[in-house]
Amino acid sequence: MSKTSSSKTPQTNGKSDSKKPSVKKEKTESTPSTKNIKSEPKSQSTPQSTKNGHSNKLKTPKNEPIVKTDAKTDSKKKVKEEANTPVKQEPTKNGKKRSAADLSQTESPKKRKKKEEEEEVWRWWEEKKYADGRKWTTLEHKGPLFEPGYVPLPDDIHFFYNGQRVKLSVEAEEVMTFYAKMLDHEYTQKDVFNTNFFNDWRKFMKESERTLIKDLKKCDFTKVAEYFKQKTEERKAMSKEEKKKLKEEAAEVKKLYGFCIWDRHKQPIGNYKIEPPGLFRGRGEHPKMGMVKKRINPEDVIINCGKDSQVPEPPAGHKWKEVRHDNMVAWLASWTENVQGNTKYVMLNAASRVKGERDWQKYEKARKLHRCIDKIRNNYMEDWKSKEMKVRQRAVAIYFIDKLALRAGNEKDEDEADTVGCCSLRIEHVKLHKDVEGVGEHVVEFDFLGKDSIRYQNKVAVEKQVYKNLVLFMENKNPEDELFDRLNTTILNSYLNECMDGLSAKVFRTYNASRTLQEQLDQMTKKKDSANDLILTYNRANRAVAILCNHQRAVPKTFAKSMENMQKKIQDKKDVIAEAESELKKAKTDLKNLKSVAAKKKYETAENKLKKLVESLKKLEIQVTDKEENKDIALGTSKLNYLDPRISIAWCKKHNVPIEKIYSKTQRDKFRWAIDMATAEYHFYNYEGEIVLRDLSHLDGMDGGNTTQEGDPDETQEPDDDEDED
DNA sequence: CGGACAACTTAGGAAGTCCCCC
DNA sequence: GGGGGACTTCCTAAGTTGTCCG
């Protein structure tokens with residue numbers, strides 16, 4: 001309620017230059033484990049340029065070709081080399097460490113071109129990070145891209161009210177088109193959506209329009225809707241050339257607006273386009289769905305760029321709300337969105353340094369958790385018996401987060417969809433069962449809406465002590481009361497932070513997700529599997545993670561039909577096999593009778609044919625199972641956000657699977673750092689001796705590893721000090 | 001401490017593109 | 001060679017986390 005009130009003060013002005021790029025503290029070399037085989041430059045903490053970090057080396061950085069690893073020339077040479085040397089020795093085997101130039105000499109022109117493109121890549125992972133929390137030293141960009149303004153409807157397209165043609169004022173008309181465009185969307189069937197829309201729409205009407213238009217039910221948008229449908233049809237029907245031209249134009253615009261110069265390197269921007277106006281589409285039962293999301297003008301936008309760089313030019317006749325130079329943040333532009341009052345940011349693309357570095361760090365943090373996970377688990381099990389209610393609740397909550405990969409669960413406002421995470425679970429979301437067939441004793445049944453109003457349903461057997469605690473927490477409470485009434489995410493996270501520097505609830509999700517992938521791959525990959533089987537194995541492992549994290553998707557609309565098709569194919573195949581079988585039989589008898597070379601050959605051919613057919617049937621059947629199991633599970637989310645890419649890459653290298661089979665182009669760009677540095681030997685957590693694999697058989701959530709710890713964590717690879725901010 | 005808020009990560013659906021089969 | 005399903009990318013909503021302030 002409170003935070004959303006539109007009266008949010010633009011308090012940004014006050015502190016204008018914000019948190020000043022002060023050098024917080026010179027972090028001393030943190031202690032990488034002594035036995036690291038290779039060490040990462042990342043562990044260095046000195047800023048790239050100069051000690052005090054204020055040298056704005058360049059005035060107006062131009063699109064200069066990307067500086068490749070300038071490691072050698074850096075002033076911090078000594079430290080750097082120390083860090084770099086070990087890197088060198090090992091990865092040479094993956095070839096990429098050699099400068100692209102060396103390689104290209106021996107390659108075909110086509111390949112060379114590819115290599116040259118690659119050369120544009122900023123190999124930031126071979127450089128040092130800023131240690132002072134600074135994000136950049138110089139930053140230049142063109143500002144965000146605005147949509148063209150509203151183009152009124154042509155004169156022959158009409159909106160009707162109560163059967164009557166009504167010509168609306170431009171403002172009211174524009175908002176009307178937002179609704180018309182969504183006419184055949186489910187949203188327009190919802191009361192909340194309609195009410196919110198209608199209320200907001202009326203604010204854009206002239207007085208006369210307002211007196212006329214009083215009932216949404218009497219509004220007829222169909223002609224307008226048809227008009228827009230027709231337009232999309234037209235767009236679809238465009239000739240190849242026209243489409244190509246449009247694409248090229250868009251590419252031109254992207255060239256200009258889609259990149260910035262970040263510390264002298266050209267870096268891709270993620271969302272350089274300002275969000276167009278429209279109707280707010282919340283997920284689930286969002287109280288604000290249907291409200292009008294206003295058009296953003298330059299006057300609403302704050303620009304962030306380097307002090308000495310060229311300030312982006314606002315569109316003609318406009319000016320920016322503010323221009324600031326805050327190098328402690330990563331955004332290039334920001335504005336406040338009117339529906340929820342949130343700040344929106346223009347930030348860099350996932351393939352950029354600033355995002356990549358954080359991503360890498362995230363996984364290092366998760367790996368670090370592995371080193372103290374036993375201790376943490378022992379602690380929370382101990383705390384299940386604590387005299388203090390708060391401690392018990394905290395312990396059970398962490399157990400859920402660890403075992404079930406639940407999110408932290410912040411409190412939410414009245415004017416947001418009612419969803420929960422761990423800390424905000426209510427009595428109504430859990431049921432206790434003494435015994436559930438097929439699950440076990442002391443079963444907790446979860447049923448709640450999580451992020452994006454995605455339902456989480458799970459029945460899990462828990463330790464007796466946990467069960468007892470839950471009974472206790474639920475005593476004398478109403479369904480709408482909080483399960484963990486003494487707990488919130490702040491308490492939880494500050495405790496976790498005490499356990500391990502930088503630890504917070506979400507790290508468990510990353511950790512358990514990546515660990516699961518690693519284990520599943522270790523466990524399921526067969527040495528002699530075919531390429532296809534390998535991919536299948538990978539997807540299986542990926543799926544285990546997606547299930548753990550409850551990453552769902554809507555069942556594709558075409559699912560049933562394409563399933564049917566596949567079944568038919570299988571049947572056909574079976575028929576063919578039957579045929580081949582009888583052929584074989586015949587060939588066999590022929591062979592017996594004739595004993596000729598030709599007959600023998602015929603027999604062998606028939607045999608081979610059958611064999612192939614059976615194989616392909618098997619393949620089809622696997623595919624069907626795969627498809628069925630996958631219909632409502634989204635693999636992409638975990639792949640992109642939770643799985644240490646080095647696990648996948650190492651696996652690819654080890655089993656000779658082309659990385660393209662696993663990662664799309666964009667994903668490869670995002671994970672370039674990992675592709676470059678992970679060798680076949682990389683392992684998410686190293687171990688000595690045998691590892692005990694966790695039982696994931698039920699795959700309905702995971703079975704926390706508290707009963708099964710593997711031998712010994714033992715960082716041997718990335719030393720990494722994971723020195724995040726502190 | 002609790003609330004507000006800034007900054008960032010994670011999320012699923014829609015739109016767009018690709019590609020495979022008929 | 002074109003229709004449609006699968007895969008990819010885009011879009012922006014919805015989370016988490018840490019900090020600041022009273």
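Here is how names work: the chains are called A, B, and so on, in the same order as the sequence lines, proteins then strands, and each is numbered from 1.
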Charged tip of A:Lys288 within 45° of A:Phe280 ring normal and under 6.0 Å: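 Relative to the ring axis of A:Phe280, which defines the angle, A:Lys288 lies outside at least one limit.
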
Closest-nucleotide ordering on DNA chain C, the 5'-leading residue of A:Asn497 and A:Tyr663: A:Tyr663

Calculate the interatomic distance between [X] atom [atom1] and [N] atom [atom2]; express it in whole Å.
| X | N | atom1 | atom2 | result |
| --- | --- | --- | --- | --- |
| A:Phe559 | C:dG5 | CZ | P | 13 Å |
| A:Leu332 | B:dA7 | CG | P | 13 Å |
| A:Trp335 | B:dA6 | CH2 | C1' | 15 Å |
| A:Asn488 | B:dG2 | CG | P | 7 Å |
| A:Asn410 | C:dG15 | CG | P | 10 Å |
| A:Lys344 | B:dA6 | NZ | P | 15 Å |
| A:His551 | B:dG13 | NE2 | C1' | 15 Å |
| A:Arg509 | C:dT17 | CZ | C1' | 15 Å |

What nucleic acid atoms does [X] come within less than 4.0 Å of, heavy atoms only: base, sugar-phosphate, or nothing?
| X | value |
| --- | --- |
| A:Thr490 | nothing |
| A:Gly409 | sugar-phosphate |
| A:Ala417 | nothing |
| A:Lys243 | nothing |

Whichever of A:Glu411 and A:Asp359 has its nearest DNA chain B nucleotide further upstream toward 5':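 Per heavy-atom nearest nucleotide, the more 5' residue is A:Glu411.
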
Upstream residue (5' side of DNA chain B) when A:Cys549 and A:His185 are each assigned their closest nucleotide: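 Per heavy-atom nearest nucleotide, the more 5' residue is A:Cys549.
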
Verify the contact: side-chain N or O of [X] to OP1 or OP2 of [N], cut-off strictly under 4.0 Å; return yes or no.
| X | N | value |
| --- | --- | --- |
| A:Arg281 | B:dG13 | no |
| A:Arg407 | B:dT9 | no |
| A:Gln667 | C:dT8 | no |
| A:Ser334 | B:dA6 | no |
| A:Asn641 | B:dT9 | no |

Of A:Asp418, A:Asp485, A:Asp447, the residue whose pairing with A:Arg426 passes salt bridge (Lys or Arg N to Asp or Glu O under 4.0 Å): A:Asp418

Exercise: do A:Asn458 and A:Tyr456 side chains pair donor with acceptor under 3.5 Å: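 A:Tyr456 and A:Asn458 do have a side-chain donor-acceptor pair below 3.5 Å.
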
A:Ala330 versus A:Trp262, closest heavy-atom pair with distance: O-CZ3, 3.8 Å

Any donor-acceptor N/O pair under 3.5 Å between B:dT10 base and A:Lys451 side chain: yes

Mutual orientation of the aromatic rings belonging to A:Phe446 and A:Phe448 [parallel < 30°, tilted 30-60°, perpendicular > 60°]: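 Perpendicular: the ring planes of A:Phe446 and A:Phe448 meet at over 60°.
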
